[in-house]
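Scroll down for the structure; my scribbles are underneath it.
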Amino acid sequence: MKPTAARIVLTGANGGIGRHAAAAFIGAGAAVMLVGRSAAQLSALSRSLQAKVAGSAARIAWQVADLGKGADVAELVAVAAEWRCNVIVHAAGVPCFGALETVAAETMRQVLDINLLAPMRLTQALLPHLRSQERAQVICLGSALGRIGLPGYSIYSASKFGLRGFAEALRRELSGSGIRVQYVGPRSTRTSFNDAAVEAYNVATGTSMDSPDRVAATLLRSLHDEAAERFIGFPERLAVRINGAVPTLLDGSFEKHRRSVPPLPASAASPTRRPGGPAISHPTESPGAPR
Ligand SMILES: NC(=O)c1ccc[n+]([C@@H]2O[C@H](COP(=O)([O-])OP(=O)(O)OC[C@H]3O[C@@H](n4cnc5c(N)ncnc54)[C@H](OP(=O)(O)O)[C@@H]3O)[C@@H](O)[C@H]2O)c1
C-alpha cells in the first residue's frame with residue numbers, strides 16, 4: 001500500500017534495524033506505533049523521530065510489550081486495534097549462533113518463542129481487526145537463513161524457516177481477503193544482534209554485511225509493492241533460489257562455514273559414556289545466547 005495510507009505496528013522498534021525502519025516509514029508518510037520492552041527507549045526514539053521529520057508527531061505512537069508475555073500481547077492488540085493499525089511488521093527477534101551442542105535448552109526455547117511463536121500469536125490475535133480494514137499487510141522480517149541452513153545456525157534457521165513457512169501458508173490462506181502476508185529476508189546486517197563470534201565467522205567466510213538502512217529501505221519497498229518475498233544481496237539471492245529448488249546441491253558448499261563455527265568446549269566435544277549406556281554430551285550455556 002502507499003506509505004501514506006499505512007498505520008504500522010512495528011515490533012523490535014528499538015533494535016538496530018527497527019530504528020531505521022521506523023525512520024524510513026515515518027519519512028515516507030506512514031504512521032508508526034513503535035513497540036519494544038523499554039518505555040524510556042521508546043519515548044526517546046519517538047522524540048528523536050519527531051525531531052527528524054517535521055509534522056510527524058501525530059503519526060508516532062509507542063507501546064511497551066514483551067512479546068513473550070501473553071498479557072502484554074493482549075494489551076498491544078487492543079491498543080493497536082483502537083489505533084486502527086493496518087500493517088504489522090514483525091521485526092523483533094533474538095540471535096542464536098554456535099554449534100548445536102553449545103545451545104542451552106532455555107536459549108532454544110526463547111529463540112523459537114520470540115522469532116516464531118510471537119509473530120504467529122500476534123498475527124492471529126490481530127487478524128479479526130485486520131480483516132475489518134480495507135487493505136492490510138503482515139510483513140515478517142525473516143532472514144536469508146530462513147531459506148538457507150548454514151553451519152552454526154541450526155536453531156536460528158529453524159525459527160526463520162518456520163516464520164517463512166508461516167508467512168507462505170498464511171498468504172495463501174488469506175488470498176482474496178485484502179490481507180497480504182510477506183516475508184523479507186535480509187542477510188547479515190551490521191547491528192548489535194551480531195556478536196564478535198558472528199563477525200569473525202562472516203570475515204572468515206567472506207559473508208557481506210549490510211547496513212540497517214539497506215534493510216529499512218527494503219522493508220519500505222515491500223510495504224509499497226507488497227512483494228510476497230524479498231531477499232537482499234548477491235550471492236544470497238541466487239543461493240536462496242538454488243537452495244529452494246535443490247537444497248542438496250549446495251550441501252558441499254559450506255565447508256568454510258563449518259570450519260568457522262567456534263570450536264566446542266572440551267566438555268561438550270568429548271562425549272562421556274554412562275556405564276553400559278549410550279554416549280551423551282553436555283550442553284553448556286551458548287556463547288551466542290540471546291542478549
Ligand atoms: N542483524 C542481522 O544480521 C539480521 C539479519 C537478518 C535478519 N535479522 C532479523 O531482523 C530482526 C531485527 O534484528 P536487529 O538486527 O535489529 O536486532 P536487534 O538490534 O538485536 O533488535 C532486536 C529487537 O528485538 C526486540 N526483542 C527481543 N526480544 C523481545 C521480546 N521478548 N519482546 C519484545 N521485543 C523483543 C528487542 O527489543 P528491546 O529493544 O526491547 O530489547 C530489539 O529491539 C530480527 O528478527 C532478526 O532476526 C537480523
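Hydrogens, waters and symmetry mates play no part in the numbers below; they use all other heavy atoms, side chains included. In listed order, ligands and their atoms are each counted from 1.
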- [ ] Under 4.0 Å from a heavy atom of Asn14: give me the atoms of ligand 1 that qualify, with their elements.
- [x] 39 (O), 43 (O)
Open item on the list: I'd like to check whether Ala13 has a polar contact with ligand 1, where a contact means an N/O of the residue lying under 3.5 Å from an N/O of the ligand.
Closed with: no
Open item on the list: Run the ring-ring contact (aromatic ring centres under 6.0 Å, His included) test against His20 and tell me which residues pass, sequence neighbours left out.
Closed with: none
Open item on the list: Suppose I only count heavy atoms of Gly16 and a 4.0 Å limit; which atoms of ligand 1 are within that range?
Closed with: 16 (O), 18 (P), 19 (O)
Task: Ala91, portion touching ligand 1 at heavy-atom distance under 4.0 Å - done: backbone
Open item on the list: For Ala65, which part has a heavy atom under 4.0 Å from ligand 1: side chain, backbone, both, or neither?
Closed with: backbone
TODO: Look only at the side chain of Ser46 and the backbone of Leu42, and say whether a donor-acceptor pair between them is shorter than 3.5 Å.
DONE: no
Open item on the list: Counting the benzene-type ring for Trp, do Phe254 and Tyr153 have ring centres under 6.0 Å apart?
Closed with: no
Open item on the list: Under 4.0 Å, counting heavy atoms only: does Thr11 come that close to any atom of ligand 1?
Closed with: no
Task: Proximal atoms of ligand 1 relative to Leu141 (non-hydrogen, under 4.0 Å) - done: 10 (O), 11 (C), 45 (O)
Task: Side chains of Val77 and His129 in contact at under 4.5 Å (non-hydrogen atoms) - done: no
TODO: Please determine if Gly93 has a nitrogen or oxygen closer than 3.5 Å to a nitrogen or oxygen of ligand 1.
DONE: yes
TODO: Check whether Tyr183 and Met1 end up in the same hydrophobic cluster, where Ile, Leu, Val, Met, Phe, Trp and Tyr are linked by side-chain heavy atoms less than 4.5 Å apart.
DONE: no
Task: Polar atom proximity, Lys160 to ligand 1 (N or O, under 3.5 Å) - done: yes
TODO: Please determine which of Glu229, Arg180, Arg230, Gln182 meets the side-chain hydrogen bond (donor to acceptor under 3.5 Å, both in side chains) test together with Ser222.
DONE: Arg230
- [ ] List every atom of ligand 1 that sits less than 4.0 Å from any heavy atom of Asp66, numbering the atoms from 1 in the order shown and giving each element.
- [x] 30 (C), 31 (N), 32 (N)
Open item on the list: Below a 4.0 angstrom heavy-atom separation, can you tell me which part of Leu145, side chain or backbone, both or neither, approaches ligand 1?
Closed with: neither
TODO: Would you kindly say whether Arg171 and Ser175 are connected by a side-chain donor-acceptor distance under 3.5 Å?
DONE: no
Open item on the list: Taking the basic N atoms (NZ, or NE/NH1/NH2) and the acidic carboxylate oxygens, is any pair closer than 4.0 Å for Arg190 and Asp213?
Closed with: no
- [ ] Please confirm whether Ala118 comes under 4.0 Å of ligand 1, counting heavy atoms of the residue only.
- [x] no
Task: Per-atom contacts, ligand 1 versus Ser188 - under 4.0 Å to a heavy atom - done: 3 (O)
- [ ] Please identify which atoms of ligand 1 are closer than 4.0 Å to at least one heavy atom of Tyr156.
- [x] 7 (C), 8 (N), 9 (C), 46 (C), 47 (O)
Open item on the list: Is Gln110 close enough to touch ligand 1? Criterion: a residue heavy atom under 4.0 Å from a ligand atom.
Closed with: no
Task: Polar atom proximity, Arg187 to ligand 1 (N or O, under 3.5 Å) - done: no
Open item on the list: Is it the case that the side chain of Gln50 and the backbone of Ile60 share a donor-acceptor pair, with hydrogens and angles ignored and the cut-off at 3.5 Å?
Closed with: no
Open item on the list: Can you confirm whether the side chains of Thr191 and Thr189 place a donor and an acceptor under 3.5 Å from each other?
Closed with: no
Task: Lys NZ or Arg CZ of Arg237 over Phe234 ring: under 6.0 Å, within 45° - done: no
Task: Sub-4.5 Å side-chain heavy-atom contact between Phe231 and Ile148 - done: no
Open item on the list: With respect to Arg37, determine whether any N or O atom, backbone or side chain, lies less than 3.5 Å from an N or O atom of ligand 1.
Closed with: yes
TODO: Answer with side chain, backbone, both or neither: which part of Leu67 has a heavy atom less than 4.0 angstrom from an atom of ligand 1?
DONE: both
Open item on the list: Membership question, hydrophobic clusters at under 4.5 Å side-chain separation (ILVMFWY): are Tyr156 and Val184 in the same one?
Closed with: no
TODO: Could you tell me which atoms of ligand 1, counted from 1 in the order shown, lie closer than 4.0 angstrom to a heavy atom of Asn194?
DONE: 1 (N), 2 (C), 3 (O)
Open item on the list: With respect to Gly15, determine whether any N or O atom, backbone or side chain, lies less than 3.5 Å from an N or O atom of ligand 1.
Closed with: yes
Task: Atoms in ligand 1 with a heavy atom of Gly142 nearer than 4.0 Å - done: 6 (C), 7 (C), 8 (N), 9 (C)
Donor-acceptor pairs are to be reported for all side-chain atoms of residues 23-31 against protein atoms at under 3.5 Å, with residues two or more places apart or in another chain.
none

Open item on the list: Pairs of nitrogen or oxygen atoms closer than 3.5 Å, one from Ile17 and one from ligand 1: do any exist?
Closed with: yes
Open item on the list: Yes or no: does Gly185 have any heavy atom under 4.0 Å from an atom of ligand 1?
Closed with: no
TODO: Using a 4.0 Å heavy-atom cut-off, say whether Ile114 meets ligand 1 through its side chain, its backbone, both or neither.
DONE: side chain
